[in-house]
Protein chains: 2
Amino acid sequence: MVTMSDVAREAGVSVMTVSNVLNERLPVGAPTRARVLAAVEALGYEVNLTARHLRAGRTDTVALIVPSFHDYFGEVADQIAPLVEAHGRHLVLERTSANAQHEMEAVSVARLQLYDGVLLSVAGLDPEQLSRVRTSKPIVLLGERDVPDHFDHVRLANEEGARLATAHMIERGSRRILALGCTLDQTHMMTSDRRVGWEVAHRDAGLPVDERYVVPIATYSSEAARSTLLDVIASGLPFDGIFAATDVIALGAVAALASRGLHVPDDVQLAGFDNLEVSSFVPPGITSVDPNHRGVAQHAVGLLHRRMAGGAGPAEHVVAPVSLVVRGSTRGGR
Amino acid sequence: MVTMSDVAREAGVSVMTVSNVLNERLPVGAPTRARVLAAVEALGYEVNLTARHLRAGRTDTVALIVPSFHDYFGEVADQIAPLVEAHGRHLVLERTSANAQHEMEAVSVARLQLYDGVLLSVAGLDPEQLSRVRTSKPIVLLGERDVPDHFDHVRLANEEGARLATAHMIERGSRRILALGCTLDQTHMMTSDRRVGWEVAHRDAGLPVDERYVVPIATYSSEAARSTLLDVIASGLPFDGIFAATDVIALGAVAALASRGLHVPDDVQLAGFDNLEVSSFVPPGITSVDPNHRGVAQHAVGLLHRRMAGGAGPAEHVVAPVSLVVRGSTRGGR
DNA sequence: ACGGCGTATTTTAACGATATTGTCTGCGAA
DNA sequence: TTCGCAGACAATATCGTTAAAATACGCCGT
C-alpha cells in the first residue's frame, strides 16, 4: 500500500506537508505543493480512511441496520440514503436476518464504534434486551415494537392505519373482514397494533368483533399468506373482506383468491399495509395504507442528526402519521 | 470512550495483558485474568474496531455496492450475505443510485481500503471508466455491462434467458411479440443482450424480426412500462405476446393490459426476466426467467474469497446460467 | 546590524490496538 | 551455589494519519 510517507519521500518533504497539501489545513508553497501533487499522482496515493478515522475519532458514516434487504426495508433505505448524504455522511446497510442474536451483535458496542450514528430497525429484540445495550453512540430505533424509553424511536401509526383501511371496507359494504397476519397479542407489536385498529373500526361502526377472523400466519411471506388463506377458504368461514397486515401478505391473498375464482373487489374487498410499489400495479390495484416512508426517513435522520450534533434532552418517540391509498381492490377505488 | 488502557489501569496490569486476556494469544494467569475480566465488565469496555483494523491491516468486511436497495439487488444481497458470513466476514451494503459519479466515488481506492473485498454491481460505469480504477483490492464485478478484461466478473446468460422466454411464447402460439424495455444498441448491455435473445428465438422459429416490436422505455420502472405500453396499444400496433426485459417492467405491463381489458394469457402472453418473488403471486403468475441468484451469489463470493485468500491467476468471467419458470401468464403454465 | 515578525516546513505526539521483544520471578538440575 | 529455563507479565514499536508545537528562513524597519 502507498502511504503518505512514501509520497513524502518521493516529493522530498515531510508527511505533514503532504497532509497539508491534501487537506488544505496549513498553507503550502506553490512549488512544494506541485511536487507533492506530482508524487501523489505518480504513486497513485489514496488516503487510508481507517487511519484517518482512528485519528479523527469520527467516521462520517451512519449505519442502517435492517432485518433484511427486502421490500419495505429496501424502500425505506432508499429514502434514508439521500438524507444522510445531505449531511455529508455516508450511509451503509447491515443486515440482521430478523434474528435476535444477530441484532445483538450488530448493536454490540464494538460494531457501533465504526459509525457515528446508527439507525436500527428493531424486529427481533424486545425492550428488555435492548435496554442492555449501553452505549453513548447516537442510536435511533425504527420499527413497530415497544422499546425502552431512553431511546429515540420512530414508529408508524399502526392502529390508525389499520382502522382507516378496515373502516373503508366496512363503509363500502364488507361485514366479515379477516385480519390476515394479525395477532391477538396484548403487547405492542406490529401485528397486534394493527389488529386493534381493525377492532376499533368494527366498534366504531357498531359491528361485532369476532376473534375467529383474526388469522395469524407463520412467517411474513406471501407464500405463507397464500396457503393460510386457502386453509381459511377451505374451512368454510365466510368472509367478504380482508385486511392484510402487510402488502406482502396482501399479495399472497391476491394469489389465493384468484386461484379459488374469488373476484376482487366484488366477492372480497382487500386492503393491505405498506403501500409497496408493486401494490399499485397488481390488478386491480391494492388499496393500502401508505407508511409515509419519506416522513419516517426524515424524522429518523433528523433525530439522529440532532444527537450526532451533540443534542441532549430526553428521547423522542415519534409516531409517524399514515394515510390510506384507495385502489381497485376495494369498491369505489379506481 | 473506554479504552484498553482504562481497563489496564483499573485492573492494575499492562494493556498487553488486557489484550492477551481478550484475544487469548499469550497465556495469562488465572487471578490476573479474573481481575481483567472484572474490570472489562465494570467499565463496559468494548474493543475499538477502527484501531484493530488499522493495526491488523484488515477489516474482515466485504462491501456490496449496488445502485439501489430495491427489488433485484435486495434479493441478490440477501443471498450474498450468508455466504460472506460463512467465511467469517461481515457484509455491508453501499448504494450508488445508478449514478456514474457516485459509483466512481464508491470505488475510489480510499473508500475501498475500508474493506477487504468489494462486490460491485456495475450499472453506470462503462469499461473505459472502470479501467481507470486501479487498486490491489480484490473486486468482483456483477452486472450485465461489458467490463475490462482484468476484472473478475459475473453476469447472467441474458441472451439465452430472453431466447428461452421468447421461444416459449412462440411455441405456445404468439406471433407478434413485443420486446418491452429492450433496445437496439449494438454494445453489450442488459437491454440489448436480451433483445438479441428475442431475435434469435424468432430466427430459430423461422419468424421475421420486426424492429418496430423493440420498445425501449425511459426508466426501468413499472410506471414507465405501463405508460409506454399504453402508448403502444393506442398506436394500434398489433401484438399477442410481450417479452419484458425485467419483471418490474412486466408488472407495469400487467397493469396496462388489465386496464385495457386485455386478458393474459388468452389475448396476450407475457414473460419477464428476474423471477422476482412477486412474480409468482401476481395473478395469473408471471412466467419469468430465473436469474439464479443463488448461483450468481455463490460464483461472486467464491471468486472474491479466492482473491482475498491471495489467489492470483487471470480474471474470470462467469456467465451464470438461467432457467425459465413457466406460470399462468403464458399458455400451458399452471 | 539586529530584534522581531510572518510564512513555510518539520518535529513530536497522539488516536487505540497488537506483534515483538524484554524483564522478572521461581524452580530444577548440575 | 550457580546456571538455565519456562511462565507471567511489561515495555516498546508500529499501523497511517493529523493536531499542535517547534524550528528555519527571509524580510522589514530602525
Side-chain angles (χ1 to χ4, degrees), chain A residues 1-37 39-40 43-61 108-116 135-137, chain B residues 1-37 39-40 43-61 108-116 135-137:
Chain A
M1 185 173 35
V2 182
T3 75
M4 262 195 187
S5 78
D6 295 324
V7 175
R9 195 176 326 112
E10 173 85 8
V13 299
S14 75
V15 288
M16 269 320 291
T17 300
V18 177
S19 176
N20 284 327
V21 167
L22 296 178
N23 300 311
E24 299 182 322
R25 269 186 52 82
L26 298 181
V28 174
T32 311
R33 137 175 277 111
R35 280 214 318 285
V36 168
L37 290 175
V40 165
L43 300 180
Y45 168 81
E46 295 261 353
V47 66
N48 180 324
L49 290 179
T50 302
R52 172 179 289 175
H53 292 169
L54 174 60
R55 179 64 237 229
R58 299 179 291 112
T59 61
D60 293 323
T61 300
S108 78
V109 182
R111 199 74 202 150
L112 293 192
Q113 296 199 353
L114 292 175
Y115 307 110
D116 289 351
T135 169
S136 50
K137 277 281 141 92
Chain B
M1 186 173 30
V2 181
T3 75
M4 261 195 188
S5 76
D6 296 325
V7 175
R9 193 175 329 110
E10 172 85 8
V13 298
S14 76
V15 288
M16 271 319 291
T17 301
V18 178
S19 177
N20 284 327
V21 167
L22 296 177
N23 300 309
E24 297 182 324
R25 272 185 51 82
L26 298 180
V28 175
T32 311
R33 138 175 276 109
R35 280 214 318 286
V36 168
L37 290 176
V40 165
L43 301 181
Y45 168 80
E46 296 261 351
V47 67
N48 180 324
L49 291 179
T50 302
R52 174 180 286 174
H53 292 168
L54 174 60
R55 182 65 238 234
R58 299 180 289 113
T59 61
D60 293 324
T61 300
S108 79
V109 182
R111 200 73 201 151
L112 293 191
Q113 296 198 354
L114 292 175
Y115 306 111
D116 289 351
T135 169
S136 50
K137 276 283 144 87

>> Could you go through Leu49(A) and Gln113(B), starting from their C-alpha distance and side-chain angles, then the distance that decides it, and tell me whether this counts as side chain to side chain contact (heavy atoms under 4.5 Å, CB included)?
In response: CA-CA 7 Å; Leu49(A) 290 179; Gln113(B) 296 198 354; 5.7 Å; no

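Taking atom CG on Asn23(A) and atom P on dG16(D), their separation rounds to 17 Å, with Å as the unit. Atom CG in Asn48(A) sits roughly 9 Å away from atom C1' in dC15(D) (whole-Å rounding). Per the geometry, CZ belonging to Arg35(A) stands 11 Å off C1' belonging to dT9(C), to the nearest Å. dA19(D) atom P lies 9 Å from atom CZ of Arg58(A), rounded to whole Å. If you measure from atom CE of Met4(A) to atom P of dT14(D), you get 19 Å, rounded to the nearest angstrom. Rounding to whole angstrom units, CZ of residue Arg52(A) and C1' of dA19(D) are separated by 14 Å. Taking atom CG on Asp6(B) and atom P on dA17(C), their separation rounds to 9 Å, with Å as the unit. Taking atom CG of Asp60(A) as the reference point, atom C1' of dT17(D) lies 15 Å away to the nearest angstrom.
Side chain of Arg55(B), nearest nucleotide from dG16(C), dT10(C), dA10(D): dG16(C). For Leu26(A), whose side chain is taken as the heavy atoms from C-beta onward, the closest listed nucleotide among dT18(D), dA17(C), dA21(D) is dA21(D). For Leu54(B), whose side chain is taken as the heavy atoms from C-beta onward, the closest listed nucleotide among dA10(D), dT10(C), dG16(D) is dG16(D). Which of dT18(C), dA20(D), dT9(C) sits closest to the side chain of Met16(A) comes down to dA20(D).
Side chain of Asn20(B) to backbone of Arg25(B): no donor-acceptor contact under 3.5 angstrom is found. Between the side chain of Thr59(B) and the backbone N or O of His53(B) there is no donor-acceptor pair closer than 3.5 Å.
Backbone-only engagement by Thr32(A) is indicated by non-hydrogen atom pairs under 4.0 Å involving sugar-phosphate atoms exclusively. Thr3(A) comes within contact range of the sugar-phosphate backbone alone, with a heavy-atom separation under 4.0 Å but no base atom that close. Gly57(A) comes within 4.0 angstrom of nothing in the nucleic acid, heavy atoms only.
Each of Ala56(B) and Val15(B) was assigned the nucleotide of DNA chain D with the nearest heavy atom; the assignment lying further toward the 5' end belongs to Val15(B). Nucleotides of DNA chain C nearest to Ala51(B) and Arg25(B) differ in position, and the one nearer the 5' end is that of Ala51(B).
Here the CZ atom belonging to Arg35(A) is positioned 10.5 Å from the CD atom belonging to Glu10(A), to the nearest 0.5 angstrom. Atom OG1 of Thr61(A) is separated from atom CZ of Arg111(B) by 4.5 Å, given to the nearest 0.5 angstrom.
Side-chain nitrogen and oxygen atoms of Thr17(B) include none within less than 4.0 Å of the OP1 or OP2 phosphate oxygen of dC9(D). Contact between the side-chain N/O atoms of Ser19(A) and the OP1/OP2 oxygens of dT18(D) is found at a separation under 4.0 Å.
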